[in-house]
Amino acid sequence: MKKLRQATSVVLVIMMVISMFSITMFTSSAALDDNTYVLGDADRNEDVAVYDATFIQKSIARASGYEIDKATDLARFLSADVDKDDDIAIYDATWIQKYIARYQEAIAMGIGQTYTIQEPTTEPTTEPVPTGITVYLNVNGSDWPLSEGQSFFAHSWDGVTPATTSLMTQVDDGIYSFEIPEGNIGMLFGRLTSGEYPDEEWTNVDKQTDSLTVPVDENNMYYVSSQTWGPYAPIPTTTEETETSTPGELTDGFYLVGLLNGVEHWTEDTLTPDMKLAANEYAPGEYMLDWTFYDGDGIKVAK
């Protein structure tokens, strides 16, 4: 009988340790201050996980200890209001689940990113974007050029209101523009395979950039080839050259010479203007030419 009491005591001790550990796990929180929050982080531990969706579901069910009250805890409310409609509902939990499953639309909403609450009486911590700022997308020299039925879009957000998506307008060869809505600070570019907007799961998006910060200076053109911002500059025209040249006339430069499609092209009188290589404006010193070769061709480049 004495041995049985000792065994029971050990079990009770183990249960108490487990219970204390469980309480610690569910009540712990990271050191987020009252003016900072992570979108989707309903339990305020600086990580967006399945438990955040569960926390929202229990809050909707009025479970004790899972209150989300805008008046008393604004940071938690903004964390849980994933779709930014000023209401905590089941769809907020759904957005978190989509984010965990890496749905592109959920990622683009800014879930998992940290935001600062801007008090009405203080200056914003992020410099506001001027009204009507225009950004440009340059796809020259990349694998982004459009095929039939495709289009480019820009997706931007301010971290508070729902994100906006619009098709971009072509303004030059390989260059497209978009006017950023006032106050938006984050954005990304993408390519649609069909339609005018990404579908719910972004299955009609085959190319997209990482999340970018909206530029507020002269570096407002994003180069896909180098994944960097730079100043917008229209592509120079060749009007002067075409005015001084006549059809079929050769100008100084590099040409493709040799056996092409079974025909010898070695001397100046056998060359044509379409055999001239064009300078690559994105890589000084490089030249390029779009030409179809056949078996037996033998070529080199001559100046």
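For the pair Gln113 and Ser211, the minimum side-chain heavy-atom distance is below 4.5 Å. No side-chain heavy atom of Val205 sits less than 4.5 Å from a side-chain heavy atom of Thr193. The closest side-chain heavy-atom distance from Asp52 to Asp47 is not below 4.5 Å.
Both Ile90 and Met109 belong to a single network of hydrophobic side chains, linked directly or stepwise wherever heavy atoms of I, L, V, M, F, W or Y lie under 4.5 Å apart.
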Report the C-alpha distance between Asn140 and Asn138 in whole Å, list the side-chain angles of each, state the deciding distance to 0.1 Å, and finish with yes or no for side chain to side chain donor-acceptor pair (under 3.5 Å).
CA-CA 6 Å; Asn140 292 305; Asn138 190 322; 3.1 Å; yes

In sequence, state the C-alpha distance, the side-chain angles, and the governing distance for Lys207 and Asp143, and then conclude on side chain to side chain contact (heavy atoms under 4.5 Å, CB included).
CA-CA 9 Å; Lys207 297 283 187 183; Asp143 61 349; 3.0 Å; yes

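Side-chain atoms of Asp172 do not come within 3.5 Å of backbone N or O of Ile175 as any donor-acceptor pair. A distance-only check finds no donor-acceptor pair linking the side chain of Thr36 to the backbone of Asp33 [under 3.5 Å]. No donor-acceptor pair under 3.5 Å is formed between the side chain of Gln227 and the backbone N or O of Val224. Here the side chain of Ser59 pairs a donor or acceptor atom with the backbone of Tyr66 at under 3.5 angstrom. In this structure, Asp158 contributes its side chain and Ile185 its backbone to no donor-acceptor pair below 3.5 Å. At least one donor-acceptor pair closer than 3.5 Å links the side chain of Thr209 to the backbone N or O of Phe189. Formation of a donor-acceptor pair under 3.5 Å by the Arg191 side chain with backbone atoms of Ser151 is not found in this model. The main-chain N or O of Trp229 is never found under 3.5 Å from a side-chain atom of Asn219 such that the two would form a donor-acceptor pair. Looking only at distances, no side-chain donor or acceptor of Asn184 sits under 3.5 Å from a matching main-chain atom of Gly186. At distances below 3.5 Å, at least one donor-acceptor pair connects side-chain atoms of Glu67 with backbone N or O atoms of Gly65.
In this structure, Asn35 CG and Leu74 CG are separated by 8.5 Å, a value rounded to the nearest 0.5 Å. Residue Asp73 holds its CG atom at 8.0 Å from OG of Ser79, rounded to the nearest 0.5 Å. Taking CD of Gln150 as the start and CG of Asn204 as the end, the distance is 11.0 Å to the nearest 0.5 Å. One distance of note links CD of Gln97 with CG of Asp92; it measures 11.0 Å at 0.5 Å rounding. Summarising the geometry, atom OH belonging to Tyr37 is positioned 6.5 Å from atom CD1 belonging to Ile117; distances are rounded to the nearest 0.5 Å.
Of the residues listed (Tyr176, Tyr136, Tyr222), the one engaging Tyr232 in a ring-ring contact (aromatic ring centres under 6.0 Å, His included) is Tyr136, and it is the only one.
Atom OH of Tyr91 has more than 12 heavy atoms from other residues, nucleotides or ligands within 6.0 Å. Residue Gln170 qualifies as enclosed at atom CD: its count of foreign heavy atoms under 6.0 Å is above 12.
With salt bridges taken as basic N to acidic carboxylate O contacts below 4.0 Å, none links Lys98 and Glu201. By the 4.0 Å N-to-carboxylate-O rule, Lys70 lies too far from Asp81 to be salt-bridged with it. No salt bridge links Asp41 with Arg76; every basic N to acidic carboxylate O contact stays at or beyond 4.0 Å.
Aromatic pair Trp202/Phe153: ring centres closer than 6.0 Å. Separation of the Tyr99 and Trp95 ring centroids does not fall under the 6.0 Å cut-off.
Between Met221 and Pro231, the shortest heavy-atom contact is CE-O, 3.7 Å. Here the closest non-hydrogen pair linking Glu105 and Asp199 is OE1-O, 3.9 Å.
Classified by interplanar angle (parallel below 30°, tilted 30° to 60°, perpendicular above 60°), the ring pair Tyr51/Phe55 is perpendicular.
Side-chain contact, Thr134 with Ser177: no donor N or O sits under 3.5 Å from an acceptor N or O.
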